[in-house]
Asker: 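First the structure, then my questions, so here it is.
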There are 2 protein chains.
Amino acid sequence: MDELFLQTMQNWMGIFMRRSMSKFRQYMIDNGLSMTQMTSMFLIMHSGSSSISDLAAHLDVSNAAASQLIDRLVQQDLLTRTENPSDRRNKLLELTEKGKTIVAKSMQARQGWLQELAITLDETEKKKIISALEIMNSKAEELAPSTGPICPESL
Amino acid sequence: MDELFLQTMQNWMGIFMRRSMSKFRQYMIDNGLSMTQMTSMFLIMHSGSSSISDLAAHLDVSNAAASQLIDRLVQQDLLTRTENPSDRRNKLLELTEKGKTIVAKSMQARQGWLQELAITLDETEKKKIISALEIMNSKAEELAPSTGPICPESL
DNA sequence: CCAAATAGTTAAGCGTGCTTATATATAAAC
DNA sequence: GTTTATATATAAGCACGCTTAACTATTTGG
């Protein structure tokens, strides 16, 4: 049973990853963006605004690396970098409309195939899948917390 | 129903990706290897042996880029590059034992959490999950073929 | 046998992403 | 008010991953 379970999971894993990541990688290539740049944009979008040292901490890199990375994104009109009025040592980083569009479209590139998959399923199948995924989702929450570097694939 | 399905899938996607990729990324950092290097090693392992232009084609880069990448992996004793006896213009690329170990351990880093998850599930739950995943696996096979760049996440 | 094709190598150049070091402006602490 | 701490920017350096260009050795085709 365990062997079948693991084998089935690994099959799914391969399909899932290929479907999710291939379109996403192509989107990045088409838009001349790297994984590190996309990661930064995701982080900034999720936090609403951010400072350079916040970002550096999340990415686990030096402030100088973060500053230069932000520079390149600002130059591409994907971010704005403004002075923080309550502490002028700080900068506020926010996505531009262009940046927000890029992030939204990249997520659609990554997840769009799920909609195509949903169309092929009837209600019974969907219910079975939802039920199974909910089991896995809740069990996974009980595992030891996941540690390690930030993963743009999960953002 | 569709909304619930997609929402449940996206929740799972987040968990799945974070669990799979975080340990993998940490493994790469710990071993001083990049995603492109790992991708190359996966491709070479899957094909048993490979030539530089094969690899370049799979990676969708120039032969010069592939040659230089291989150089760096050979220097780290992860690959051997030998003359092909049946066509001396060709090189044969093979993983060293050290290289095979690296690949195997990186896959374990990526998939090890599935075993932890399996332990938390009883037989009934596993059967439900297997059944649901098999639905999805077979439906996904019927979708339009996935196109785009090679995805190390799925190798 | 010779010309054309092929596979790989090397060089030079570039962008990205990182590091450490240094400098400046601002805030906090005393 | 002055010293210390903080946030960021800039410079220089490096590795990686790519590109094009030029070259060499080998194979194929006529």
Asker: In terms of the nearest nucleotide of DNA chain C, which residue is placed more toward the 5' end: N84(A) or I52(B)?
Answerer: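 Final value for this comparison: I52(B).
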Asker: Take the protein atom CG of L73(A) and the nucleotide atom C1' of dT16(C), then report the distance between them rounded to whole Å.
Answerer: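 In whole Å, dT16(C) C1' lies 11 Å from L73(A) CG.
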Asker: So, OP1 or OP2 of dT19(C): does either fall under 4.0 Å of a side-chain N or O from S62(A)?
Answerer: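 So the side-chain polar atoms of S62(A) do come within 4.0 Å of the phosphate oxygens OP1 or OP2 of dT19(C), strictly under.
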Asker: Please check the phosphate of dA7(D) (OP1 and OP2 only) for any side-chain N or O of S51(A) closer than 4.0 Å.
Answerer: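 Answer no for this pair, as no side-chain N or O of S51(A) is under 4.0 Å from OP1 or OP2.
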Asker: Go through the structure and list residues passing salt bridge (Lys or Arg N to Asp or Glu O under 4.0 Å) with E142(A), not counting sequence neighbours.
Answerer: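 If we apply the salt bridge (Lys or Arg N to Asp or Glu O under 4.0 Å) test to E142(A), skipping adjacent residues, there are no hits.
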Asker: Can you pull every protein N or O that's under 3.5 Å from an N or O on nucleotides 10-16 of chain D?
Answerer:
unit_1	atom_1	unit_2	atom_2	d
dA11(D)	N6	Q68(A)	NE2	3.3

Asker: For T80(A), give me all partners under side-chain contact (heavy atoms from CB on, under 4.5 Å), at least two apart in sequence or on another chain.
Answerer: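 T80(A) satisfies side-chain contact (heavy atoms from CB on, under 4.5 Å) with E94(A), T96(A) only.
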Asker: Can you list the residues that meet the side-chain contact (heavy atoms from CB on, under 4.5 Å) rule with D77(A), with sequence neighbours excluded?
Answerer: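 With neighbours one apart ignored, the set is K98(A).
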Asker: Calculate the interatomic distance between D87(B) atom CG and dA5(C) atom P; express it in whole Å.
Answerer: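 Rounding to the nearest Å, CG of D87(B) and P of dA5(C) are 17 Å apart.
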Asker: Could you tell me which residues satisfy side-chain contact (heavy atoms from CB on, under 4.5 Å) with K100(A), sequence neighbours excluded, listed by chain and number?
Answerer: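 Partners of K100(A) by the side-chain contact (heavy atoms from CB on, under 4.5 Å) criterion, ordered by chain and then number, come out as L95(A), E97(A).
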Asker: Would you be so kind as to tabulate the donor-acceptor pairs closer than 3.5 Å made by side chains of residues 53-63 of chain B, with sequence neighbours excluded?
Answerer:
unit_1	atom_1	unit_2	atom_2	d
D54(B)	OD2	S51(B)	OG	3.4
H58(B)	ND1	D54(B)	O	3.2
S62(B)	OG	A65(B)	N	3.1

Asker: Assuming nearest nucleotide by heavy-atom distance, tell me which of K91(B) and L59(A) is located more 5' along DNA chain C.
Answerer: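 Taking each residue's closest nucleotide, the earlier one in sequence belongs to K91(B).
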Asker: Round to the nearest Å and state the distance from M35(B) atom CE to dC18(C) atom C1'.
Answerer: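 Going from M35(B) (CE) to dC18(C) (C1'), I get 17 Å.
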Asker: Can you check nucleotides 3-6 of chain D for protein contacts, nitrogen or oxygen pairs under 3.5 Å, and list what you find?
Answerer:
unit_1	atom_1	unit_2	atom_2	d
dT6(D)	O4'	R89(A)	NH1	3.2

Asker: What is the distance, to the nearest angstrom, from the CE atom on M41(B) to the P atom on dG17(D)?
Answerer: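 Answer to the nearest Å: 12 Å.
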Asker: Which residue is it: K23(A), Q26(A), M21(A)? I am looking for the one with a side-chain contact (heavy atoms from CB on, under 4.5 Å) to C151(B).
Answerer: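 Output: one option passes, namely M21(A).
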Asker: Quick one: salt bridge (Lys or Arg N to Asp or Glu O under 4.0 Å) partners of R18(A), sequence neighbours excluded?
Answerer: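 By the salt bridge (Lys or Arg N to Asp or Glu O under 4.0 Å) rule, R18(A) matches no residue at all.
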Asker: Which heavy atom in E134(A) sits nearest to a heavy atom in T8(B), and how many Å separate them?
Answerer: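 Heavy-atom minimum between the residues: CG-CG2, 4.1 Å.
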Asker: When you compare the side chain of P152(B) with that of M38(B), does any pair of heavy atoms fall below 4.5 Å?
Answerer: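 In short, these two side chains do not touch, never coming nearer than 4.5 Å.
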Asker: What is the separation between atom CG on L33(A) and atom P on dC18(D), rounded to the nearest whole Å?
Answerer: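 In whole Å, dC18(D) P and L33(A) CG are 16 Å from each other.
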Asker: Only pairs at least two apart or in different chains count here, so list each salt bridge (Lys or Arg N to Asp or Glu O under 4.0 Å) that has a residue in residues 33-51 of chain A.
Answerer: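 Listed once each, the pairs would be none.
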Asker: Which residues in residues 22-31 of chain B have a heavy atom closer than 4.0 Å to any atom of DNA chain D?
Answerer: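 Result for residues 22-31 of chain B: none.
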Asker: Distance check needed: dG8(C) P versus I70(B) CD1, whole Å only.
Answerer: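 Result: 10 Å.
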Asker: Would you mind reading off the distance between L55(A) atom CG and dA9(D) atom C1', rounded to a whole angstrom?
Answerer: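 It works out to 15 Å between those atoms.
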Asker: Only counting residues at least two apart or in another chain, list the ones meeting salt bridge (Lys or Arg N to Asp or Glu O under 4.0 Å) with D71(A).
Answerer: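 Expected list: R81(A).
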Asker: In whole angstrom, what separates N90(B)'s CG from dA5(C)'s P?
Answerer: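 Spelled out: CG on N90(B) to P on dA5(C) is 18 Å.
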Asker: Who pairs with D2(A) by salt bridge (Lys or Arg N to Asp or Glu O under 4.0 Å), at least two apart in sequence or on another chain?
Answerer: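 If we apply the salt bridge (Lys or Arg N to Asp or Glu O under 4.0 Å) test to D2(A), skipping adjacent residues, the hits are K126(B).
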